[in-house]
Amino acid sequence: MENSKSSPFSSAFQSAVRRGTPCSVAVANIAKRQNKTANQVYQSLYKACVVNRQKINGQWVYWAVQARKSTGPVARQAQAALWQSYVDWALANGHTTPEKIADHMGSRSEFQGHFKRFFAKQFAVTQISSRSSTGRALSCKGRSSSSTRRYRRAA
């Protein structure tokens with residue numbers, strides 16, 4: 001069953017993610033070009049079943065239904081953005097101080113080790129299941145998912 005709702009951003013978004021552009025970067029670029037907010041673009045793409053989302057701490061986190069592995073430079077840039085955001089989060093929540101971070105700048109592993117305990121507290125798992133994924137379809141209201149099995153299993 002095809003979705004009756006479409007988004008004016010779908011083709012540009014899908015083209016970008018097929019090239020390996022991260023979802024957030026593609027949406028930011030589209031929003032800037034179309035003079036819209038990223039939230040408006042995400043809402044439109046979600047209604048068109050091009051992205052899925054999960055609410056975490058009151059904030060929606062989005063990802064493309066069909067994404068592709070990025071090139072090396074794009075993946076490294078995304079990793080750097082992840083670490084920058086994580087450091088900002090740790091400082092904003094008072095888990096660490098700039099002085100403590102500076103004390104752990106000797107090597108990359110020492111730097112990452114400093115943040116390991118904060119990460120474990122933030123993303124603690126209460127129960128670990130040994131069951132494997134069943135490959136169930138991603139939910140999208142009013143439409144069956146057309147994503148490949150590989151991506152369904154990862155979800």
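A quick note: this is a predicted structure, and the numbers were derived from the prediction, not measured.
Nearest heavy-atom pair, Val51 versus Ala64, reported as atom, atom and distance to 0.1 Å: CG1-CA, 4.1 Å. Shown here for Val87 and Phe115, the closest heavy-atom pair between the two residues is CG2-CZ, 3.8 Å. Nearest heavy atoms, Ala26 versus Ala16: CB-CB, 3.8 Å. Summarising the geometry of Ala31 relative to Ala38, their closest heavy-atom pair is CB-N, 3.9 Å, with the distance given to 0.1 Å. The shortest non-hydrogen separation linking Val74 to Gly20 is CG1-O, 3.7 Å. Across every non-hydrogen atom of Val65 and Cys49, the tightest pair is CG2-O, 3.7 Å.
Taken from CZ in Arg53 to CG in Leu45, the straight-line distance is 11.5 Å, to the nearest 0.5 Å. Atom CG in Asn39 sits 11.0 Å away from atom OG in Ser44 (nearest 0.5 Å). The structure places NZ of Lys47 at 13.0 Å from OG of Ser10, a figure rounded to the nearest 0.5 Å.
Residues Gln14 and Val50 form a side-chain contact, since some pair of their non-hydrogen atoms from C-beta on lies under 4.5 Å apart. When side chains are defined from C-beta on, Ile56 counts as touching Gln54, because their heavy atoms get closer than 4.5 Å. Contact check for Cys23 versus Phe13: side-chain heavy atoms found under the 4.5 Å cut-off.
Every residue meeting the ring pair (Phe, Tyr, Trp, His ring centres under 6.0 Å) condition with Trp89, not counting sequence neighbours, appears here in chain and number order: Tyr86, His95. Applying the ring pair (Phe, Tyr, Trp, His ring centres under 6.0 Å) test to His104 and every residue at least two apart in sequence or in another chain returns His114. Partners of Arg19 according to the side chain to side chain donor-acceptor pair (under 3.5 Å) rule, which considers only residues two or more places apart in sequence or in another chain, are Ser15. When the side chain to side chain donor-acceptor pair (under 3.5 Å) test is applied to Thr21, no partner is found at least two apart in sequence or on another chain.
Within 6.0 Å of CD on Gln77 lie no more than 12 heavy atoms contributed by other residues, nucleotides or ligands.
The side chain to side chain donor-acceptor pair (under 3.5 Å) pairs that include a residue from residues 22-38 are Thr37-Gln40, where partners are two or more places apart or lie in different chains. Residue pairs meeting the ring-ring contact (aromatic ring centres under 6.0 Å, His included) criterion with at least one member in residues 20-44, sequence neighbours excluded: Tyr42-Tyr62.
A continuous path of Ile, Leu, Val, Met, Phe, Trp and Tyr side chains, each step under 4.5 Å between heavy atoms, connects Trp60 with Val41, placing both in one hydrophobic cluster.
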